[in-house]
Amino acid sequence: MKNQLKTLAFVIIMVTGLTSCKDFLTEEPKGQLASLYYWQSAADLDGAINGLYGNLRATFASEYSNGANLYAGDDIDCNPIGINLGAFSRYDNDPTNLWLNNIWQNTWKCIKNCNFIINGAPKVAEYGVSKEEIDFTLAIAHYWRAYFYFYLVRSWGAVPIMLEAEIDYNKKLNSMEEVYDLIVSDLKIAEGARINYDKVPYVLNGRNTVVGKAGAKATLAYVYMAMAGWPLNKGTEYYQLAAAKAKEVIDGVENGTYNYALYDEHWKIYSVRPEYNYNHIEVLNAVYYNRDTGGQGNVCADYINEIADGWGNSNAEIKFWCDYPEGPRKQAAYFPKMYLIGLSDTLGLLDWWYDTNPPKRLQVRPCFMRTIEGQIRGTDYDWTDPGKPHSTSGDKIAKMVLLSEVYLWYAEALGRSGQTNQDAVNYVNMIRNRADGFGCVVDRSTVGIPEGDHVEHYTNIYPAGMTAEELAEAAYDEHGWEIAGNYAGTIAGRYWDMHRMYRVKAHFEERVRDPEYEVAPGVFRRMGGTPTTGSWSDDKMWLPYPADDVMLNPNLNN
């Protein structure tokens, strides 16, 4: 009977973890039953973490379930005929938006899952499970609760703080300050996570598959940066906290405490080849996928071959593409050429800006190549051969935090606190050198290439005498280029950088103007994308609470 009850309890955990937000906001006795009978052994800790990561995989599988509001950033836009996704691109705060509802629900599901673990895991101590094993589980759950509250507070502002799996239906909104206090508190607990894990499924090829100490520290560094910027505007003190926390990670990497390193070539970050994807040396926190059991959704899958009426959900922004420095990083980020059905059959591979006369294509914009992969498992998509198929659901890991980002966060936070030093300049140059194809070097004498007219442009372009403001802006720009188009779960997508720096308004106004850009000599293309109208107000920086949930809980008011 006892084993039957445990089996029932585990099923309840998984079912309640996947209920709608309406169910989440309604207190039910099933969660109490699971808490009563589930927590009895170390195996229950493993089962709970596996259940949590199952929810994470579902949440980060596509922009449909997480991250659609990042389409308001200046690096990416959506199909102009898109309805639900297009609302985010044009800053249309529609509380009935289906995708808005999906994001809200999935976020709360994961928080509920974390709360179940945080409140229940200590109970297994009664059955002889060590404090070390319990703390390991709690650190992971606290990290992900912080992650999702970080998403909520940046997307909606004030939200209810829920600390129990049984939810107070009438819970009032907590202030942003209170939510950030919880986030910081949770991440400080998460800093107690293990450096390296030693058993499957928490480790693969010697790499952590669940969040560890370095990932928690790096996330806290970026949280401090968000708190330093808009809307809390805590300023210098928090930029200093961010720089110090990022430096802890950097020092740990450089002294061998943490088992991470930079790839020598940028394209390897986003490669699906097993030696890079499943042995990823640069990712500090990721969610792993297996296409056989539900792969990560491929946002590029339906628009590699474009027909006259347009492509899929996602496009890249033209202005951002124009500003993006030429070089191997850009070639890895975007499709250099495209195969357009009905055009390339006779003309071959074409530049993205190609159009008929009179214009025929609905969308004439570049396309990110971050998530696409070949149909044959473990192969990158070959854009030069349109005859090779691609996979619509794949094995690529969702990358939350990259080591390259931590170097840039340190430099930016240091600069915004009014300081500069040679290490910070070196770090920004290191990332740029790799982007330009010279590996991770900061000293041109070690590059091993002959002097030439192009060398100064591509090697250590940021001078030692940079001011603090110049350093901050250089790191900000490089971060935008480094992660552009990667928004499946990332804690610091381009939109989030713009949000904390209050630079969304300028981009909104650019979309309203819809100007033309010279994308090649004598070739001009409009910004295009989702039609954006109206005038700016700061409420466009926030998502509305979903209409269905406002009806359930009047404290969620728009």
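Keep in mind the model is a prediction, meaning the values are calculated, not measured. FYI, side chains are in, hydrogens and waters are out, and symmetry mates aren't considered; it's all heavy atoms of this structure.
- For the pair Arg207 (side chain) and Asn259 (backbone), a donor-acceptor distance under 3.5 Å is present.
- Residues Ile397 and Lys399 share a closest heavy-atom pair of O-NZ, 3.0 Å.
- The shortest side-chain heavy-atom distance between Pro122 and Leu138 falls under the 4.5 Å cut-off.
- Ring planes of Phe136 and Tyr197: tilted class, angle from 30 to 60°.
- In the model, His479 has a side-chain atom that pairs as donor or acceptor with a side-chain atom of Glu405 under 3.5 Å.
- Distance alone, capped at 3.5 Å, places no donor-acceptor pair between the Asn69 side chain and the Ser155 backbone.
- Nearest heavy-atom pair, Ala424 versus Leu414, reported as atom, atom and distance to 0.1 Å: CB-CD2, 3.8 Å.
- At least one side-chain heavy atom of Leu182 sits under 4.5 Å from a side-chain heavy atom of Arg145.
- Between the side chain of Arg329 and the main chain of Arg434, no donor-acceptor pair closer than 3.5 Å is present.
- Taking the side chain as every heavy atom from C-beta outward, Trp409 and Val401 approach each other to under 4.5 Å.
- To the nearest 0.5 Å, atoms CG (Leu262) and NZ (Lys268) are separated by 12.0 Å.
- Contact of the Arg291 side chain with the Arg377 side chain is registered, since non-hydrogen atoms from C-beta on lie closer than 4.5 Å.
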**OP:** Report the C-alpha distance between Met501 and Arg416 in whole Å, list the side-chain angles of each, state the deciding distance to 0.1 Å, and finish with yes or no for side chain to side chain contact (heavy atoms under 4.5 Å, CB included).
**Re:** CA-CA 11 Å; Met501 293 302 297; Arg416 298 210 189 280; 3.4 Å; yes
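- The CG atom of Leu204 sits 7.0 Å away from the OG1 atom of Thr209 when rounded to the nearest 0.5 Å.
- In this structure, Arg500 fails the cation-pi test against Tyr495, since its NZ or CZ atom is not both closer than 6.0 Å to the six-membered ring centre and inside 45 degrees of the ring normal.
- Asp497 and Tyr222 share a donor-acceptor pair across their side chains, judged by distance under 3.5 Å alone.
- Note on ring orientation: taking the six-membered ring where Trp is involved, the planes of His499 and Trp496 are perpendicular (angle over 60°, cut-offs 30° and 60°).
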**OP:** Go through the steps for Glu177 and Tyr180 under the test side chain to side chain contact (heavy atoms under 4.5 Å, CB included), then give the verdict.
**Re:** CA-CA 5 Å; Glu177 287 270 10; Tyr180 270 109; 5.7 Å; no
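- In this structure a side-chain-to-backbone donor-acceptor pair under 3.5 Å is missing from Asn208 to Val210.
- Using the six-membered ring where Trp is involved, Trp104 and Trp156 have ring planes that are perpendicular, over 60° apart on the 30 and 60° scheme.
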**OP:** Please assess Tyr147 against Phe60 for the test ring pair (Phe, Tyr, Trp, His ring centres under 6.0 Å), listing each intermediate value before the final yes or no.
**Re:** CA-CA 13 Å; Tyr147 171 97; Phe60 299 131; 5.5 Å; yes
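- Side-chain contact between Phe88 and Asn97 is present, with heavy atoms from C-beta onward closer than 4.5 Å.
- Counting only distance, with no hydrogens or angles, the side chain of Asn277 and the backbone of Arg273 share no donor-acceptor pair below 3.5 Å.
- When side chains are defined from C-beta on, Ile281 does not count as touching Tyr260, because their heavy atoms never get closer than 4.5 Å.
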Subject >> side-chain hydrogen bond (donor to acceptor under 3.5 Å, both in side chains) evaluation trace for Asn55 with Asn113 >> reply: CA-CA 8 Å; Asn55 272 346; Asn113 206 159; 2.7 Å; yes
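- Minimum heavy-atom separation, Gln240 to Ser417: CG-CB, 3.7 Å.
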**OP:** I would like to know whether Glu254 and Lys247 meet salt bridge (Lys or Arg N to Asp or Glu O under 4.0 Å); could you show each step before the answer?
**Re:** CA-CA 10 Å; Glu254 295 183 349; Lys247 195 63 165 59; 5.5 Å; no
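- Side-chain contact between Val159 and Glu178 is absent, with no heavy atoms from C-beta onward closer than 4.5 Å.
- Side chain of Asn174 to main chain of Val179: no donor-acceptor pair is present (N/O by atom type, distance under 3.5 Å, no hydrogens or angles).
- A donor-acceptor contact shorter than 3.5 Å is absent between the side chain of Asp395 and the backbone of Gly378.
- For the residue pair Asn66 / Thr59, no side-chain donor-acceptor distance below 3.5 Å is found, with atom types taken as modelled.
- The main-chain N or O of Leu163 is found under 3.5 Å from a side-chain atom of Asn119 such that the two form a donor-acceptor pair.
- Counting only distance, with no hydrogens or angles, the side chain of Tyr38 and the backbone of Ala48 share a donor-acceptor pair below 3.5 Å.
- Scored by the ring pair (Phe, Tyr, Trp, His ring centres under 6.0 Å) test, Tyr149 finds Trp108 as partners (sequence neighbours excluded).
- Closest of all the heavy-atom pairs between Met400 and Ala286 is SD-CA, 4.0 Å.
- Note on Lys112 versus Glu164: no salt bridge recorded, every NZ/NE/NH1/NH2 to OD/OE distance being 4.0 Å or above.
- Using modelled atom types, no side-chain atom of Tyr71 and backbone atom of Ile76 make a donor-acceptor pair closer than 3.5 Å.
- In this structure, Tyr263 and His280 approach most closely via the heavy-atom pair OH-CA, 3.3 Å.
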Original post:
Passes salt bridge (Lys or Arg N to Asp or Glu O under 4.0 Å), Glu248 versus Lys245? Steps please.
Top reply: CA-CA 5 Å; Glu248 288 180 26; Lys245 191 58 64 175; 3.4 Å; yes
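- A donor and an acceptor atom, one from each side chain of Tyr143 and Asn285, are located under 3.5 Å apart.
- Annotation: the span from Met227 atom CE to Tyr238 atom OH amounts to 4.5 Å, rounded to 0.5 Å.
- At a threshold of 4.5 Å between non-hydrogen side-chain atoms, the residues Thr379 and Ile376 count as touching.
- Summarising the geometry of Pro546 relative to Asn101, their closest heavy-atom pair is CB-OD1, 3.4 Å, with the distance given to 0.1 Å.
- Atom CG in Leu408 sits 6.5 Å away from atom CD in Glu482 (nearest 0.5 Å).
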**OP:** Might you work through the side-chain hydrogen bond (donor to acceptor under 3.5 Å, both in side chains) test for Tyr410 and Asp423, ending with a clear yes or no?
**Re:** CA-CA 10 Å; Tyr410 169 72; Asp423 279 348; 5.7 Å; no
**OP:** List the steps and the verdict of side chain to side chain contact (heavy atoms under 4.5 Å, CB included) for Leu543 and Leu100.
**Re:** CA-CA 8 Å; Leu543 296 179; Leu100 174 77; 3.9 Å; yes
Subject >> Full working for side chain to side chain contact (heavy atoms under 4.5 Å, CB included) between Arg494 and Leu70 >> reply: CA-CA 8 Å; Arg494 173 67 173 181; Leu70 273 67; over 6 Å; no
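- A donor and an acceptor atom, one from each side chain of Asn555 and Asn553, are located under 3.5 Å apart.
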Subject >> Residues Trp267, Tyr276; criterion ring pair (Phe, Tyr, Trp, His ring centres under 6.0 Å); working and verdict >> reply: CA-CA 10 Å; Trp267 66 269; Tyr276 305 127; 5.4 Å; yes
Original post:
Under the side-chain hydrogen bond (donor to acceptor under 3.5 Å, both in side chains) criterion, do Tyr258 and Asp251 qualify, and how do the steps go?
Top reply: CA-CA 9 Å; Tyr258 303 132; Asp251 290 344; over 6 Å; no
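- Between Asn205 atom CG and Asn279 atom CG the span is 5.0 Å, to the nearest 0.5 Å.
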